[in-house]
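Computed from heavy atoms alone, side chains included, the values below leave out hydrogens, waters and symmetry copies.
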Number of protein chains: 2
Amino acid sequence: MSCGARLANELRQKGYRVTPQRAVILETVAHMHGHHSVQEVFTKAEQSLPGLNVATVYRTLDMLHRAGMVEILSTTANITCFSLRDPEHPHYHLICRNCDAMQEIEPVLFNELADTLKKKHGFSLDHRHLTFSGLCKHCQSDAAKGNLTP
Amino acid sequence: MSCGARLANELRQKGYRVTPQRAVILETVAHMHGHHSVQEVFTKAEQSLPGLNVATVYRTLDMLHRAGMVEILSTTANITCFSLRDPEHPHYHLICRNCDAMQEIEPVLFNELADTLKKKHGFSLDHRHLTFSGLCKHCQSDAAKGNLTP
DNA sequence: CTTGTAGGTGCAAATGATTGCAAGTAGGAT
DNA sequence: ATCCTACTTGCAATCATTTGCACCTACAAG
Ligand SMILES: [Mn+2]
Ligand SMILES: [Mn+2]
Ligand SMILES: [Zn+2]
Ligand SMILES: [Zn+2]
């Protein structure tokens with residue numbers, strides 16, 4: 001079975017309708033690899049399905065995120081990017097608020113924090129593809145020189 | 001010295017120019033207490049300074065955040081809210097992605113995480129007014145019923 | 001297969017936020 | 001006090017995203 005058909009089935013089994021638009025968007029995200037903006041996904045998917053509307057891409061990617069099939073990454077440039085969820089490679093992101101450098105970290109680092117929030121506040125932390133803001137190693141020296149607020 | 005004048009001085013000492021617009025916006029945020037949207041700040045500030053443009057409010061609040069004088073809170077409704085930074089009351093927020101319920105938590109919970117990120121990844125986590133997404137106690141039962149993706 | 005309907009799509013308007021540019025000004029230098 | 005200029009503002013255009021609504025369709029029940 002092709003990658004696209006497998007993903008479409010997975011979506012149907014989760015109780016969502018599979019429309020031509022959804023199938024194309026899902027397959028597009030799957031084949032692009034990595035994180036991509038809605039416009040990028042739209043431009044690519046439109047080639048397979050002329051007439052596709054960008055609002056549908058927004059709505060579909062949001063739906064796929066709620067369904068747990070894509071992950072969201074908010075960049076510092078106020079553009080939301082998406083990627084196919086890969087259960088084999090769970091990871092979170094650190095983004096430098098000064099230079100936009102991005103690095104991946106292991107989710108295991110957050111187990112203890114998640115436990116504490118659950119016990120002390122009854123809060124279940126979203127543990128899928130979190131993104132944290134801060135300063136990367138390189139930009140911390142700029143902060144020390146007073147150019148940046150720490 | 002009035003609250004507004006004190007804040008304006010603080011801003012000037014940080015190396016920023018103090019314009020009538022900036023002084024009014026800063027004083028407005030200070031007197032509104034709590035977190036407010038840019039539109040709310042603009043509507044209030046405009047009364048003190050007719051002709052003020054909303055783009056200036058966006059730029060000024062962003063600048064005040066970089067200067068460390070206001071804090072940002074991103075709501076689930078894609079509206080960015082701001083509050084005056086209060087060094088006497090540091091706190092982070094937990095926001096329920098289902099019902100928008102918001103609670104404050106103590107920053108001390110993140111000390112260990114911040115240490116680990118620094119040691120293992122050389123990354124300096126922003127430790128000012130972080131916001132975390134998840135499910136509140138109440139909405140976790142809905143998730144258990146299958147209505148929500150955990 | 002046909003049909004009914006809950007749910008999805010295209011379109012266009014609205015909303016939140018950013019940006020390029022010409023004109024204005026804060027604040028240090030003289 | 002006056003001048004200079006780098007920084008700031010108003011304005012309008014633009015961008016990213018959301019939303020209301022009329023029309024359309026996936027899919028399961030018969
Ligand atoms: Mn990722
Ligand atoms: Mn707060
Ligand atoms: Zn950096
Ligand atoms: Zn909740």
Applying side-chain contact (heavy atoms from CB on, under 4.5 Å), run through A/H121 and B/E106 and close with a yes or a no.
CA-CA 11 Å; A/H121 296 90; B/E106 316 95 61; 3.6 Å; yes
Take A/R85 and A/E10, measure what salt bridge (charged side-chain N to carboxylate O under 4.0 Å, His left out) needs, and give me the verdict at the end.
CA-CA 12 Å; A/R85 185 185 183 200; A/E10 188 180 332; over 6 Å; no
Below 4.0 angstrom from OP1 or OP2 of D/dT9, is there any side-chain N or O of B/T56?
no
Closest non-hydrogen atoms of B/T131 and B/S74, given as atom of the first, atom of the second and distance, are CG2-O, 4.3 Å
5' to 3', nucleotides 21-30 of chain C under a 4.0 Å protein heavy-atom cut-off (B base, S sugar-phosphate only, - none) gives ----BBS---
Taking DNA chain D as the partner, which of residues 69-79 of chain A come within under 4.0 angstrom of it by heavy atom?
A/N78, A/I79
Can you measure B/D62 atom CG to C/dT18 atom P for me and round it to whole angstrom units?
7 Å
Are B/L73 and B/L109 connected into the same hydrophobic cluster when the rule is that any two of I, L, V, M, F, W, Y join if their side-chain heavy atoms are below 4.5 Å apart?
no
Measure the distance from CG on A/L26 to P on C/dG8 and round it to the nearest whole Å.
15 Å
Can A/I79 be reached from A/L94 by stepping across I, L, V, M, F, W or Y side chains whose heavy atoms are under 4.5 Å apart?
no
Under the ring pair (Phe, Tyr, Trp, His ring centres under 6.0 Å) test, residues paired with A/H35 that sit two or more places apart:
A/H93, A/H129
The correct set of residues in residues 33-48 of chain B placing a heavy atom under 4.0 Å from DNA chain D is none
Can A/V70 be reached from A/L11 by stepping across I, L, V, M, F, W or Y side chains whose heavy atoms are under 4.5 Å apart?
yes
Rounded interatomic separation in angstrom, taking CD from B/Q21 and P from D/dC7
17 Å
By nearest-nucleotide position on DNA chain D, the 5'-leaning member of A/V54 and B/P50 is B/P50
Does the gap between the ring centers of B/F110 and A/F132 come in under 6.0 Å?
no
Can we call the ring centroids of A/F82 and A/Y58 under 6.0 Å apart?
no
Between A/Q140 (side chain only) and B/G122 (backbone N and O only), is there a donor and an acceptor less than 3.5 Å apart?
yes
Interatomic distance where CZ belongs to B/R66 and C1' belongs to D/dT8 [whole Å]:
12 Å
Do you reckon A/L84 sits in the same ILVMFWY cluster as A/Y16, going by side-chain contacts under 4.5 Å, direct or chained?
yes
Under-4.0 Å side-chain N/O to phosphate OP1/OP2 contact, B/Y58 with C/dT18
no
Sequence neighbours excluded - salt bridge (Lys or Arg N to Asp or Glu O under 4.0 Å) pairs with any residue from residues 46-62 of chain B
B/D62-B/R66
In this structure, how many angstroms lie between the P atom of D/dT19 and the CG atom of A/N53, rounded?
15 Å
From CG of A/L49 over to P of C/dG8, roughly how many Å is that when rounded to an integer?
16 Å
To the nearest 10 degrees, how far apart in direction are the end axes of the helix from C/dC1-D/dG30 to C/dT30-D/dA1, each fit to five base pairs?
30°
Which atoms form the tightest heavy-atom contact between B/T56 and B/I25, and what is the distance?
O-CD1, 4.2 Å
Given side chain to side chain donor-acceptor pair (under 3.5 Å), test A/R6 with A/N9 step by step and report yes or no.
CA-CA 5 Å; A/R6 183 175 45 76; A/N9 278 340; over 6 Å; no
